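Keep in mind it's a predicted model, so treat the numbers as computed, not measured. All residue numbers in this chain count up from 1 along the given sequence.
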Amino acid sequence: MNKTGFIGSMFTVMRKELRDFARDRRTFLLTLFTAPLLYPLLFLGIDKLSSLRVENQLEKDMALSVVGMERAPNLVAFLASQGITASEAPDDYEARIRAQREDVALVITPDFAEDWHAGKPAKVEIVADTTRRTSDVQVARVRKVLEAYGQSVGALRLLARGVNPMVAAPVNVGTRDLATAEAKRGIVLSVILPILLMMSAFIGGSHLVMDTTAGERERQSLEPLLATPAPRGALVSGKMLASTLVGLAAILLILLSFKFSASIARGMGGSLDVSFMAMGKLVLVLLPLVLIGTALLTCLAAGAKSMKEAQSHIVWLMMLAMMPGYALMAYPLKDTQLWQYAVPFLSQNQMLVKVTRGEMPGAGQWGVYLAASLLLTVLLWAMAVWRYRQEKLAISG
């Protein structure tokens, strides 16, 4: 069959699959609109919880259980001036912290006053369960206040001895943050958004992919299609193109939902870059992943004997898309080496992080990324075509 016949067959199959998919209204709506409706709730929920944490744990007065309050009345008064109200700790304060009834306690050691008057470092202990993140803010707040108290007392002691307190600080350390405003706004997105978008792009059209191969095979409606004179490559391409369009439509709806969420969010969420230019960059990055996911799912569905068997692959495919993101949290990599843009999923993660930071990947990075993605897609497409040429594909069960 000539090129025109191949392309015509491909588009005929694509229209047929999209038409059949649209007839199942419930599946159609769930596939396209579930994620766009849920992600804004997740996005706004995270933004709201972050704001509540700041209001409840950083700005409000804090109650602190203190062992030995009478040993350091000036310290207790300084804590009160910083919004930390001290009270005598119960005898079972350690058990209360383990049971999460309290987050943090302060212990003023018995020899505190003696060491204080002798000019020695007077010891206090912050008691907390460091494995529980709920106490992170309170512990950091108490530690910061104690450090400020120690610095002020140390300066007064030096002044009392006629010594300039500046001699105790021979090095003045400052920080210049070179991060752009776009990068600072995108720091939240660079953690959450890549994982969500990669999963959505990778398996966004999974239902249509599996239904057009494993589902039709189970319903015994694939055999008549395979009996037509259309090339197997055209059949595979048409089914993949239909699934790609569905996956791309789902991605566009998700990005629009994020744009809406950012427009009504407060705090960090309201400062995110959700311009159409940024969304266009994200779509360009995600399109190769949609193609890779569609081709891989087509291969897996063609080898499955039933729809249930095909659906069983979704769990490990989701983990496959999330693994690079979690690995980079544990061991961050600089995104300057080109080999990273040839590794599936890692390349998408690095490209998405760049875009959410307001940066534009270089020409070399784009070239390696697109070439590697296209090569992998072609290989998976060829494998799917090979599976479609096997006669056992038309046999159900």
Side-chain angles (χ1 to χ4, degrees), residues 13 17-18 20-21 23-24 26-35 38-39 42 194-223 225-226 232 235-251 254 286 288-327 343-346 348-349 373 376-377 379-397:
V13 173
E17 299 300 351
L18 290 176
D20 292 344
F21 181 60
R23 287 197 183 106
D24 190 350
R26 180 175 297 181
T27 303
F28 177 80
L29 294 175
L30 287 174
T31 300
L32 290 182
F33 295 102
T34 299
L38 290 179
Y39 283 174
L42 174 65
I195 295 177
L196 295 179
L197 289 180
M198 285 174 62
M199 283 196 302
S200 300
F202 188 53
I203 61 174
S206 60
H207 177 82
L208 183 56
V209 174
M210 292 183 292
D211 185 67
T212 56
T213 300
E216 290 186 1
R217 182 183 184 184
E218 193 172 32
R219 295 189 299 269
Q220 298 182 355
S221 59
L222 185 61
E223 184 177 359
L225 185 62
L226 295 176
R232 299 296 169 91
L235 298 180
V236 173
S237 300
K239 292 176 180 289
M240 286 180 54
L241 185 57
S243 301
T244 299
L245 291 177
V246 171
L248 189 58
I251 288 296
I254 289 171
L286 291 169
L289 187 58
V290 176
L291 294 171
I292 293 172
T294 301
L296 178 58
L297 283 165
T298 302
C299 291
L300 296 173
K305 296 181 179 180
S306 65
M307 188 67 170
K308 289 182 179 180
E309 182 181 343
Q311 291 174 336
S312 66
H313 293 291
I314 292 296
V315 174
W316 70 266
L317 289 174
M318 291 177 61
M319 294 298 298
L320 190 64
M322 293 188 294
M323 282 175 59
Y326 288 125
V343 180
F345 306 109
L346 175 61
Q348 281 82 17
N349 190 92
S373 300
L376 181 58
T377 301
L379 291 175
L380 292 172
W381 173 84
M383 187 178 298
V385 173
W386 173 74
R387 283 186 176 275
Y388 262 69
R389 287 173 178 166
Q390 295 177 339
E391 295 300 329
K392 63 180 182 180
L393 182 64
I395 303 173
S396 176

Just how far is it from atom [atom1] of [X] to atom [atom2] of [Y], taken to the nearest 0.5 Å?
X	Y	atom1	atom2	value
Trp386	Cys299	CH2	SG	9.5 Å
Ile254	Leu196	CD1	CG	8.5 Å
Thr294	Ile203	OG1	CD1	11.5 Å

Side chains of [X] and [Y] in contact at under 4.5 Å (non-hydrogen atoms):
X	Y	result
Leu300	Thr213	no
Thr31	Leu208	no
Leu297	Ser243	no
Glu309	Met210	no
Val246	Leu18	yes
Leu376	Leu296	no

Counting only heavy atoms not in Met322, do more than 12 fall under 6.0 Å of its CE?
yes
Trace of the side-chain contact (heavy atoms from CB on, under 4.5 Å) decision for Glu216 with Glu17
CA-CA 11 Å; Glu216 290 186 1; Glu17 299 300 351; 3.3 Å; yes
Under the criterion side-chain contact (heavy atoms from CB on, under 4.5 Å), which of Leu289, Leu291, Ile292 is the partner of Ser373?
Ile292
Under a 4.0 Å threshold between the charged nitrogen and the carboxylate oxygen, would Lys239 count as salt-bridged to Asp211?
no
Ring pair (Phe, Tyr, Trp, His ring centres under 6.0 Å): which pairs involve residues 202-223, sequence neighbours left out?
Phe202-Phe345
Could you tell me which non-hydrogen atom of [X] sits nearest to which non-hydrogen atom of [Y], and how far apart they are?
X	Y	answer
Arg217	Lys305	NH1-CA, 3.9 Å
Ser306	Glu218	CB-OE2, 3.6 Å
Ala295	Leu380	CB-CB, 3.5 Å
Ile314	Ser206	CD1-CB, 3.9 Å
Ala301	Ala214	O-CB, 3.8 Å
Ala310	Ala304	N-CB, 3.7 Å

Main-chain N/O of Tyr388 paired to Arg232 side chain as donor or acceptor, under 3.5 Å:
yes
Residues two or more places apart in sequence or in another chain: which of them pass side chain to side chain donor-acceptor pair (under 3.5 Å) with Thr34?
none
Using ring-ring contact (aromatic ring centres under 6.0 Å, His included) as the criterion, list what pairs up with Phe21, not counting sequence neighbours.
Phe28
